[in-house]
Amino acid sequence: MELRHGPWAGASPDAGLETLRRDLGRALASVCPASLADRREDLLQVAMMRVVELRGRDPGRAELTPAYLYRVAYTTLIDELRRLGARKEVALEEVEEGPQQPVAPGDPERAAGASQIARAVRDCLQGLVQDRRLAVTLHLQGHTVPEAAELLGWDAKRTENLIYRGLSALRACLSLKGIEP
Amino acid sequence: MSERRPEDETLEAASVERLRTALRDDEAPGTPVDADRVWLAVTNALPAEERREVVERVAADPAWARAWRLAKAMSQAAAEAERASTGVGAEAPSKVVPLAARREQARRVWQGRPAWAAMAAMLVVLVGTVVVLRQQQAGEDPERIRGGAAEAITSGVPEATALAREQFVIRWSGVPQAVSWSVQVSSEDLKLFHRAERLETREYTVPADVLRELPAGARVLWQVEARLPDGSVQRSSTFVNRLR
């Protein structure tokens, strides 16, 4: 990997990997459900191994840019999350068949509460008119108004209005379901 | 200009944050994700129509929503790493500003215009003078400003007391029927604005990092709201304590 300067460059390409590892850790911490907290290290390791494997396969390639490697790490994580989800479903079926220790740690009450709210949010979003739904969805995903506007291909003022009206409708719908956000 | 008050927006920001937390902690499996398509949508590499289609999936499916958040975090980190590796785009990365903060920024735009700023400052001084004079005429404590109708909530911190930044503990009493409390804390210029919701005790420690920007001796304004069993809200006066 040819890198010129910054944390990705310097004497050792490992500095770039360290940065990627740190960023992956942060992304996982901000994205993963609390119940997967103890799996973060495993997920991180799997993604890093995939990146290192890719690098090792063709060490001379200069085009392994951060953007490319971060994307590889991201897709690996999605695969792993899917695998974990599938394993959990199997484990739940086994629990239904007979008593067994739960495999997923975390706070089950909190997870149940979060799932109930999240399900209600999804239901309510489906009841909004489409443009509001899209704008509010991106807002709930943490996008700023300019980011949401750019992603949706609309102007910022319109997007901002859609978010405000959409949030208001979402709150009303959630209230009807007994959820006061 | 919106007719919304700053506290409405702070409240909204807090409730949006709670919804985001619930979505993040949701463990529902969802359907298989097209990870590449999500990445391309997040990075604006798909046409707008297709991006909107992906957002539709994100709205309806927890796995797609998780993938979107991950793609967002990773693509932003990648962009920063890219900038660091090439030295291109030395400007600061775009800052994620919450909606409420964005409106607050818009309100502050006028501050960059000297004539408006001077007129506004004069108006503030004038209004402040009138308020203090009227309070003095009425025999009220000038350290207690605004919200005078709700006298039932009283401060438990003597107003002459200067509080330490690391131990800025405010207390109050009154309204025994209150089911929860909210506190809002601000500096005099309102550049600092902090709100804490759903407190169950009549005491709150203002986090030290909230007060970080204020110099020693600064006046810190705080106001308490009691939420009553019928859902209504009773506000206190605004109390003032100095930062030690």
Side-chain angles (χ1 to χ4, degrees), chain A residues 3-9 16 19-20 23-24 26-27 30-35 65-67 70-71 73-75 77-79 81-82 85-86 88-89 104 110-111 113-115 117-119 121-122 125-126 133-134 137-145 150-153 160 163 167 171 181, chain B residues 2 12 15-16 18-30 32-33 35-36 38-39 41-44 47-49 51-52 55-56 58-63 65-75 77-87 94-99 102-103:
Chain A
L3 299 163
R4 289 186 288 278
H5 49 81
W8 276 83
T19 308
L20 171 58
D23 290 339
L24 262 174
R26 284 182 187 161
S30 66
V31 167
C32 277
S35 61
T65 60
Y70 276 64
R71 186 171 165 182
Y74 152 79
T75 48
L77 278 179
I78 296 292
D79 287 345
L81 285 170
R82 186 185 302 149
K88 206 171 157 192
E89 277 183 23
R110 178 182 163 174
S115 292
I117 295 171
R119 197 166 46 244
V121 169
R122 281 193 295 277
L125 282 174
Q126 294 310 309
R133 175 167 61 250
L134 298 179
T137 297
L138 288 184
H139 187 58
L140 291 178
Q141 294 296 324
H143 288 280
T144 61
V145 170
E150 190 180 1
L151 283 163
L152 295 168
E160 187 174 23
I163 291 173
L167 280 178
R171 258 198 306 272
Chain B
S2 166
E12 186 167 88
S15 61
V16 166
R18 279 192 288 275
L19 294 181
R20 284 177 181 154
T21 303
L23 290 170
R24 189 200 65 200
D25 285 343
D26 181 21
E27 295 175 355
V33 179
D36 283 330
V38 171
W39 180 274
V42 167
T43 53
N44 267 326
E49 186 57 39
R51 293 200 298 269
R52 290 194 284 268
V55 178
E56 275 288 15
V58 171
D61 191 305
R66 236 175 340 258
W68 184 280
R69 288 193 292 277
L70 197 53
K72 175 177 180 279
M74 289 301 287
S75 62
E80 277 174 35
E82 198 84 50
R83 268 196 295 273
S85 73
T86 60
S94 61
K95 196 176 163 190
V96 176
V97 182
L99 201 55
R102 192 170 170 269
R103 290 210 154 185

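Per chain, numbering begins at 1; letters A, B, ... match sequence-line order.
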Side chain, backbone, both or neither: which part of B:Ala60 has an atom under 4.5 Å from a heavy atom of chain A? both
If one checks every heavy atom of A:Leu125 against chain B at 4.5 Å, the contacting part turns out to be side chain
Region of B:Pro62 in contact with chain A, defined by heavy-atom distances below 4.5 Å: both
Rounded to the nearest 0.5 Å, how far apart are NE2 of A:His139 and CG of A:Leu167? 5.0 Å
Indicate yes or no: does A:Arg71 engage B:Asp36 in a salt bridge with an N to O separation below 4.0 Å. yes
Contacting region of A:Gln141 [heavy-atom separation from chain B under 4.5 Å]: both
CD (A:Glu150) and OG1 (A:Thr144) are apart, to the nearest 0.5 Å, by 9.0 Å
To the nearest 0.5 Å, what is the distance between OG1 (A:Thr137) and CG (B:Leu23)? 9.0 Å
Measuring heavy-atom distances to chain A, does B:Ala79 have an atom under 4.5 Å in its side chain, in its backbone, in both, or in neither? neither
Would you find more than 12 non-hydrogen atoms of other residues, nucleotides or ligands less than 6.0 Å from B:Glu56 atom CD? yes
In terms of heavy-atom pairs under 4.5 Å with chain A, the winner among B:Ala65, B:Ser75, B:Ala73, B:Ala59 is B:Ala59
